[in-house]
Amino acid sequence: MSLVTLGCARNEVDSEELAARLADAGWELAAQGREAGVVLVNTCGFIQAAKQESIEELLAASESGAKVVAVGCLAERYGTELAAELPEAQILGFDDYEDIGARLDDVLAGRRREAHAPQDRRKLLPISPVERSRARDDVGPPWLRRRLATGVAAPLKIASGCDRRCSFCAIPSFRGAFVSRRPPEILAEASWLAAQGVKEILLVSENSTSYGKDLGNLRLLEEILPDLAATVARVRISYLQPAEVRPGLIEVMTSTPGVAPYFDLSFQHASGPVLRAMRRFGDRARFLGLLRQVRELAPEAGVRSNFIVGFPGETAEDLRELELFLSSARLDAIGIFGYSDEDGTEADTLPGKLDDAEIARRVEDFADLAEELMAQRAAERVGEAVDVLIEECLEEGVYEGRAAHQAPEVDGVTTVVSQTPLAVGEIVQAQVTSSEGVDLTAEAR
């Protein structure tokens, strides 16, 4: 069988769990390019573009003649509806993961299971912190994983689900309420990843700033970061909610050796009225204040964020607020997305919807602005000293890697020129000599 992963880093971790369970059940994962009797597609169901990509991948897999199985967010979110639209695929939900080997045995034998009926997973888990803690006491093995990637960086999931109620987001309904993994599980998996050759760990979840709240300790992330940093060369945190970023967390992230001073802040917009309609908090002044706090402790800190334009009711004044924020924020990485209606969300029912052409125009305008601002921020780093994790040798004396402000895959890269040989997985000090777009060139010291 072959396994295709779409979507975010959290899905990458899920796929590696599925791979381990399938190996335990006697299934062999086909090497790239080999024909497979079964194709397992781990889908994404976040926004319309991701859903469409998942459907196209399922259709392409079915055309190969293989038996096709859909798992992941799209399969969980739509279940029976997706099965009706794609009869050529078997649709499995999250609850099938534990017995995924037996499920694929059924598929291979032609025994078709009824697709699961989607349900609001927030109602399936005890809501109080005490009940959640008890619910975690009797879970199975602390982690089960088989690496599918070969690079020196890997994601590590610290929690699942989300308790926030952003009006545009359906994730909590199909991923469930927020559940933290216990520190011993996380540290054990980090040690295992280090033994597999991983040098940088990317901590992922739907909301990393909530880590530990359901375990009775909202400062648990700050407490485990030093232990994680002692396990691998570099630790990076993703998916921080600006409203939940605490001064203590900023201090630990900017002062702990081995922890990248990198802030993946989910701003989404900068206009107060739009953010309130999104069921979020903050505005341009508050967000700029947060960035000042970060840079007072670490002027070189990296910051990335995503923004939605075209939200229902968004005005020219709201766009001006966003433009002013972006022009002042000095962000290293900026993602611009157009609003799209999501089934079952509050925003789907809001008045003031904009037509697709207008949303596309706003996306184009702000994407152009973002590209210009990111290039300016990269140019500011010329002359700066950076620590670069070497990931590839391009040619003799020339290497590609990532500085502390560059996350895997989603941000730029740094090309390092060195008079002495460098090893993949090594972190070297270098001085930035030039920039092109978001990418840097540096000379090893």
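Computed from a predicted model, the values in this text were never measured in an experiment. All residue numbers in this chain count up from 1 along the given sequence.
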Minimal non-hydrogen separation, L389 against G425, with atom names: CD1-O, 3.5 Å
Expected output: side-chain E206 to main-chain G161 donor-acceptor under 3.5 Å: yes
Exam field: side chain R164 to backbone P172, donor-acceptor pair closer than 3.5 Å: no
Heavy-atom pair of closest approach, residues K157 and R175: NZ-NH1, 4.2 Å
Main-chain N/O of R402 paired with T414 side-chain donor or acceptor, under 3.5 Å: no
Minimum side-chain heavy-atom gap L326-F366 below 4.5 Å: yes
Beyond-backbone contact of L22 with L40, side-chain heavy atoms, under 4.5 angstrom: yes
Cationic N near anionic O, under 4.0 Å, E317 to R320: no
E88 and L59, any side-chain heavy atoms less than 4.5 Å apart: yes
Sequence neighbours excluded - ring-ring contact (aromatic ring centres under 6.0 Å, His included) pairs with any residue from residues 226-269: F267-F287, F267-F325
Residue pair V294 / A301: nearest heavy atoms and the distance that separates them: CG1-CB, 3.7 Å
Exceeds 12 heavy-atom contacts within 6.0 angstrom, atom CZ of R246: yes
Spatial distance of atom CZ (R145) from atom CD (E12) [nearest 0.5 Å]: 8.5 Å
Donor-acceptor side-chain pairing of S271 and D318 below 3.5 angstrom: yes
R362 and L354, any side-chain heavy atoms less than 4.5 Å apart: yes
Side chain T349, main chain E346, donor-acceptor under 3.5 Å: yes
Salt bridge (charged side-chain N to carboxylate O under 4.0 Å, His left out) against D341, all qualifying residues, sequence neighbours excluded: K353
Carboxylate-amine/guanidinium contact R361 D365, below 4.0 Å: yes
Residue pair L92, Y97: steps toward the side chain to side chain contact (heavy atoms under 4.5 Å, CB included) verdict: CA-CA 8 Å; L92 302 179; Y97 283 19; 5.9 Å; no
Exam field: side chain E314 to backbone G310, donor-acceptor pair closer than 3.5 Å: yes
From R279 atom CZ to R165 atom CZ, the distance as rounded to the nearest 0.5 Å: 12.0 Å
Gap separating the CD atom of Q268 from the CD atom of Q241, nearest 0.5 angstrom: 8.0 Å
Full working for salt bridge (charged side-chain N to carboxylate O under 4.0 Å, His left out) between R21 and E17: CA-CA 6 Å; R21 293 185 181 278; E17 175 190 336; 3.0 Å; yes
Taking every non-hydrogen atom, the tightest pair across S167 and A277: OG-O, 2.7 Å
Ion pair R234/D387, N-O distance below 4.0 Å: no
Side-chain (Q90) to main-chain (V69) donor-acceptor, under 3.5 angstrom: no
D214 and S180: side chain donor to acceptor below 3.5 Å: yes
Enclosure of E409 CD (heavy-atom neighbours >12, cutoff 6.0 Å): no
Any donor-acceptor N or O pair under 3.5 Å, side chains S210, E244: yes
Reported CG-to-CZ distance for the pair D95 and R103, which is rounded to 0.5 angstrom: 9.5 Å
Neighbour count above 12 (heavy atom, 6.0 Å) for E98 CD: no
Donor-acceptor side-chain pairing of S205 and N207 below 3.5 angstrom: no
E364: side-chain contact (heavy atoms from CB on, under 4.5 Å) partners, not counting sequence neighbours: D368
Qualifying residues under side-chain contact (heavy atoms from CB on, under 4.5 Å), relative to L148, sequence neighbours excluded: L3, S15, E16, A19, L29
Close side-chain approach of V438 to D411, heavy-atom, < 4.5 Å: no
E251 atom CD, neighbour heavy-atom count above 12 within 6.0 Å: no
Test item: D163 side-chain N/O and A177 main-chain N/O as donor-acceptor pair under 3.5 Å: no
Donor-acceptor contact present, side-chain S305 to main-chain L265, <3.5 Å: yes
Residues D96, V71; criterion side chain to side chain contact (heavy atoms under 4.5 Å, CB included); working and verdict: CA-CA 9 Å; D96 291 304; V71 295; over 6 Å; no
CG on L86 to OG on S62, rounded to 0.5 Å: 8.0 Å
R286 and L290: CA distance, side-chain angles, deciding distance, side chain to side chain contact (heavy atoms under 4.5 Å, CB included) verdict: CA-CA 6 Å; R286 293 179 185 179; L290 175 59; over 6 Å; no
T43 versus S54, closest heavy-atom pair with distance: CB-OG, 3.6 Å
From CD (E222) to CD1 (I250), nearest 0.5 Å: 10.0 Å
Pairs flagged by ring-ring contact (aromatic ring centres under 6.0 Å, His included) wherever residues 69-90 is involved - sequence neighbours left out: none
Side chain to side chain contact (heavy atoms under 4.5 Å, CB included) between R181 and L156, worked out: CA-CA 11 Å; R181 296 180 65 197; L156 195 166; 3.8 Å; yes
Smallest separation among heavy atoms of V107 and K67, with atom names: O-CD, 3.2 Å
Modelled atom types, side-chain donor and acceptor of R280 and S266, under 3.5 Å: yes
Beyond-backbone contact of L440 with V388, side-chain heavy atoms, under 4.5 angstrom: no
Side chain proximity check, I427 to E200, heavy atoms < 4.5 angstrom: no
Backbone of P261 reached by a side-chain donor or acceptor of T254 within 3.5 Å: no
Salt bridge (charged side-chain N to carboxylate O under 4.0 Å, His left out) involving R377 - partner list, sequence neighbours excluded: D332, E380
Pairwise side-chain contact, F94 with C73, heavy-atom cut-off 4.5 Å (strictly under): yes
Expected output: side-chain N11 to main-chain L6 donor-acceptor under 3.5 Å: yes
